[in-house]
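Quantities reported herein were computed from a predicted structural model and do not represent experimental measurements. Chain letters run A, B, ... following the sequence lines, proteins first and then strands; every chain starts at 1.
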Amino acid sequence: MKITDKPKRTKTKQYATGEEVLRKLVNKHEIVNKILEYRQLKKLKSTYVDALPELINMKTGRIHTSYNQAVTATGRLSSTNPNLQNIPIRTERGREIRKAFVPRDEHHVLLAADYSQIELRIMAALSQDEHLIDAFRKGLDIHAATAARIFGVSLEEVTSDMRRKAKTANFGIIYGISAFGLSERLSIPRKEAAHIINAYFEQYPAVKSYMDSCIHDAKALGYVETLKKRKRYLPDINSKNAVVRGIAERNAINAPIQGSSADMIKIAMINTFKALQERKLQSKMILQVHDELVFDVLKTEVEEVKEIVREEMEKALPLSIPTIVDIKTGDNWLEAH
DNA sequence: AATTTCACG
DNA sequence: ACGTACGTGAAATTA
């Protein structure tokens, strides 16, 4: 439509129209927002509303996913046919879909138990950064605590904007972020993003040296590993192509963190299943979504199951800092969140 | 069959 | 000069 001078192209030379591209064009033409809204509705309808009812099992009257144990590079599970690890939650219309996931009958509730900030906790434990460890031991709001440190203010002086930036930085760090990436995500100048990253590593110096050591180990050994010694091989770590090498370096930083989190929840799943069996409970573990377990719980068993699940998840793979699990119940999956 | 887009952690 | 945050899977579109 000629609403931008240098339209972005995909690698096959077509016009790129992904969400990030379109969002930069919303002020150029009134149709752009309408396209974004249309896309969202189309996605939700085709992927969930239309597809899921087709997958109801004739015998059980329920839908059953398949969990794949040997697909991902990091040790996570993946879920197919249908994928129940990407059920919507972020938008209001998406949340309507999540409400459709309900307990087996009126005598049951759904119980959702999720690890709180698990990847940041693992990064604290792996890096042994004293300030990050200290924040978790004190039970602080980790994004606010990070904001206070990187912006040099007291906890009380942290504004919502400072916290938002620190939160994005925290997630970015786990992925091996660049100043460019952070600036894009926060819509701030690259210089400011670079300052935030510099401040982050000044305030959490052991995080910086831990990340450097991940890359160093990958170059020396050809792989990195998780807390439970799961390896990810990184054959591109010494590539002469800077782009290819950069991806491998970010993998070297991220894989031990994401993979150790997967180690932890897998151990928790085994031990929780055993504990429910040993106590002859009828409640069932029904879903895993990377840092969350969902149970179909007999109402009379709620308190006992809650205790067991918290205990088994929190003690599955002890770190040098507390592991916290948040638990909620509800009459549908959204309410249990 | 490959690519693009977008849903989740 | 160049590209630029990790891990997935499904549906629609393009080749």
Quiz item: Which is true for A16(A) with a 4.0 Å heavy-atom rule: it touches a base, it touches only sugar-phosphate, or it touches nothing?
Solution: sugar-phosphate
Practice problem: Remember a base hit wins even if backbone is also touched, and classify R39(A) as base, sugar-phosphate or nothing at under 4.0 Å, heavy atoms. | Solution: sugar-phosphate
Quiz prompt | pair F101(A)-I63(A): side-chain heavy atoms closer than 4.5 Å | solution = yes
Quiz item: dA11(C), dG3(C), dG9(B): which one has an atom nearest the side-chain heavy atoms of V289(A)?
Solution: dG9(B)
Practice problem: Let me know the distance between CZ of F180(A) and C1' of dT4(C), rounded to the nearest Å. | Solution: 5 Å
Quiz item: Which of these nucleotides, dA7(B), dG7(C), dT4(B), is closest to any side-chain atom of T72(A)?
Solution: dG7(C)
Exercise. Determine the Euclidean distance between corresponding C1' atoms of dC6(B) and dA1(C); express it in Å to zero decimal places.
Key: 32 Å
Exercise. Measure from CD1 on I87(A) to P on dA10(C) and round the result to the nearest Å.
Key: 11 Å
Exercise. Name the nucleic acid region contacted by N86(A), choosing base, sugar-phosphate or nothing; use a 4.0 angstrom heavy-atom cut-off, strictly under.
Key: base
Quiz item: When you check the phosphate oxygens OP1 and OP2 of dA15(C), does a side-chain N or O of T12(A) lie under 4.0 Å from one of them?
Solution: no
Quiz item: In whole angstroms, how far is the C1' atom of dT8(C) from the CG atom of N251(A)?
Solution: 14 Å
Quiz item: Is T168(A) touching bases, backbone alone, or none of the nucleic acid, heavy atoms closer than 4.0 Å?
Solution: base
Quiz item: Nearest to the side chain of R90(A), which nucleotide is it out of dT5(B), dG9(B), dT8(C)?
Solution: dG9(B)
Quiz item: Which part of the nucleic acid does S261(A) contact within heavy-atom distance under 4.0 Å: base, sugar-phosphate only, or nothing?
Solution: nothing
Practice problem: Compare the minimum distances between each of dG7(C), dT5(B), dC8(B) and the side chain of R98(A), then state the nucleotide with the smallest one. | Solution: dC8(B)
Exercise. Look at all strands and tell whether R250(A) reaches a base, only sugar-phosphate, or nothing, counting heavy atoms closer than 4.0 Å.
Key: sugar-phosphate
Exercise. Report yes or no: is there a donor-acceptor pair, N or O only, under 3.5 Å between the side chain of R190(A) and the base of dT4(C)?
Key: yes
Quiz item: Any side-chain heavy-atom pair from M211(A) and F201(A) closer than 4.5 angstrom?
Solution: yes
Exercise. Would you kindly give the NZ-to-P distance between K43(A) and dT4(B), to the nearest whole Å?
Key: 14 Å
Quiz item: Is the shortest heavy-atom distance from the side chain of L36(A) to the side chain of V26(A) under 4.5 Å?
Solution: yes
Quiz item: When all nucleic acid strands are considered with a 4.0 Å heavy-atom cut-off, which category describes Q14(A): base, sugar-phosphate, or nothing?
Solution: sugar-phosphate
Quiz item: Which is true for I89(A) with a 4.0 Å heavy-atom rule: it touches a base, it touches only sugar-phosphate, or it touches nothing?
Solution: sugar-phosphate
Quiz prompt | Parallel, tilted or perpendicular: ring planes of Y204(A) versus H131(A), cut at 30 and 60 degrees | solution = tilted
Quiz item: Would you say the side-chain atoms of E292(A) and H337(A) include a donor-acceptor pair closer than 3.5 Å?
Solution: yes
Practice problem: Find out whether the Lys NZ or Arg CZ of R9(A) is both under 6.0 angstrom from the six-membered ring centre of Y15(A) and within 45° of the ring's axis. | Solution: yes
Exercise. Please determine if a side-chain N or O atom of T80(A) lies less than 4.0 Å away from the OP1 or OP2 oxygen of dG9(C).
Key: no
Practice problem: Give S78(A) one of three labels, base, sugar-phosphate or nothing, depending on what nucleic acid heavy atoms sit under 4.0 Å from its own. | Solution: sugar-phosphate
Practice problem: Select one nucleotide: of dT4(B), dA12(C), dG7(C), the one nearest the side-chain heavy atoms of S46(A). | Solution: dA12(C)
Quiz item: Say you pick atom P in dT5(B) and the same atom in dT4(C); how far apart are they, in whole Å?
Solution: 14 Å
Practice problem: Pick base, sugar-phosphate or nothing for A262(A), based on heavy-atom distances below 4.0 Å to the nucleic acid. | Solution: nothing
Quiz item: Going by modelled atom types, is there a donor-acceptor pair between the base of dC6(C) and the side chain of Q258(A) at under 3.5 Å?
Solution: yes
Quiz prompt | Touch class at under 4.0 angstrom, heavy-atom based, for A73(A) against every strand present | solution = sugar-phosphate
Quiz prompt | N241(A) CG to dC2(C) C1', straight-line distance once rounded to whole Å | solution = 10 Å
Self-check item: 4.5 Å side-chain heavy-atom contact, D50(A) and K45(A)
Solution: yes
Quiz prompt | Nucleotide nearest E19(A) when distance is taken to its side chain, options dC6(B), dT5(B), dG7(C) | solution = dC6(B)
Exercise. Determine whether any donor atom in the side chain of R232(A) lies under 3.5 Å from an acceptor atom in the base of dG7(C), or the reverse, and answer yes or no.
Key: no
Exercise. Would you kindly give the CG-to-P distance between N81(A) and dA7(B), to the nearest whole Å?
Key: 21 Å
Quiz item: Which part of the nucleic acid, if any, lies within reach of Y48(A) when heavy atoms closer than 4.0 Å are counted: base, sugar-phosphate only, or nothing?
Solution: sugar-phosphate
Quiz item: How many Å lie between CD on E184(A) and P on dC6(C), as a whole number?
Solution: 14 Å
Practice problem: Have a look at K11(A) and say if it touches a base, only the backbone sugar-phosphate, or nothing, with a 4.0 Å heavy-atom cut-off. | Solution: sugar-phosphate
Self-check item: First of I177(A) and A242(A) reached from the 5' end of DNA chain C, by closest nucleotide
Solution: A242(A)
Quiz item: What is the pairing partner of dA1(C), taking Watson-Crick or G-U wobble pairs with both distances under 3.5 Å in any strand?
Solution: none
Practice problem: Nearest whole angstrom, please: distance from the C1' of dA10(C) to the CD of E54(A). | Solution: 15 Å
Quiz prompt | I87(A) to N83(A) - nearest heavy-atom pair and separation | solution = CD1-O, 4.0 Å
